[in-house]
Amino acid sequence: MKGLGELERTVMEVLWAREDSGVAAATARDVSRALAGDRDLAHTTVMTVLDRLAKKGFLKRKRDGRAWRYSPVASRERYVTELMLGALAETGDRDAALVHFVQSVSEDEAAVIRAALAGLTAVKEPPA
C-alpha cells in the first residue's frame with residue numbers, strides 16, 4: 001500500500017475520525033467543513049483529493065443525490081500496518097529491523113506485543 005501525501009492524510013484523518021465516532025460516510029462538503037478551522041482549502045480542492053483517494057483505492061464512494069458519500073476502505077490501524085509491512089519489505093535484513101523496532105518500544109508497547117504474540121501462539125498450538 002502506498003503512502004499518502006500530506007493533504008491526502010489530512011482528509012483521511014477526517015474520514016477515519018468520523019468512522020471512529022460512528023458517523024456515516026461524508027460528502028466533500030462535510031470534509032470541507034471539518035477542515036475549515038485548520039486549513040483554508042477550496043471546496044474543489046477537497047473534491048479533487050477525495051476523487052483521487054477513491055481512484056487509488058483508499059476510499060469507497062456511493063451516490064447520494066447529486067453528491068458522493070465517501071468512507072475509508074480500511075481502518076487507520078490497517079493502513080499503518082500496511083506501511084509497517086512495506087517498510088519491513090524494504091530492508092535487507094528483516095530480522096534485524098524487527099529487533100531494532102522491538103528494542104525501541106516502551107514497556108507498555110512491549111506488553112501489548114507480548115500479549116499479541118501469546119495470543120498467536122495459543123491459536124497455533126494444537127490441543128493436548
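The first residue in the sequence is number 1, and the count goes up from there. It should be emphasised that the depicted structure is a prediction, and the values quoted were computed from it without experimental measurement.
If you chain together hydrophobic residues whose side chains sit under 4.5 Å apart, V49 and V73 never meet in one group.
Here OG1 of T10 is found 8.5 Å from CG of L41. Values are rounded to the nearest 0.5 Å. Note: K60 NZ to W68 CH2 = 14.0 Å, rounded to the nearest 0.5 Å. If you take CG on L50 and NZ on K55, they are separated by 12.0 Å, rounding to the nearest 0.5 Å. If you take CZ on R52 and CD on E8, they are separated by 6.0 Å, rounding to the nearest 0.5 Å.
In plain terms, the two heavy atoms of H43 and R29 that are nearest each other are CE1-N, 3.4 Å. When all heavy atoms of A74 and W16 are compared, the closest pair comes out as O-NE1, 2.9 Å. Nearest heavy-atom pair across R94 and A89 is NH1-N, 4.4 Å.
Ring pair F58/Y79 is perpendicular by interplanar angle, where above 60° counts as perpendicular and below 30° as parallel.
Side-chain atoms of E109 and S106 form a donor-acceptor pair, as typed in the model, at a separation below 3.5 Å.
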Worked check of side-chain hydrogen bond (donor to acceptor under 3.5 Å, both in side chains) between T48 and D51: CA-CA 5 Å; T48 299; D51 183 60; over 6 Å; no

Would you please test D30 and R69 for side chain to side chain contact (heavy atoms under 4.5 Å, CB included) and show each step? CA-CA 9 Å; D30 296 330; R69 289 204 167 270; 3.6 Å; yes

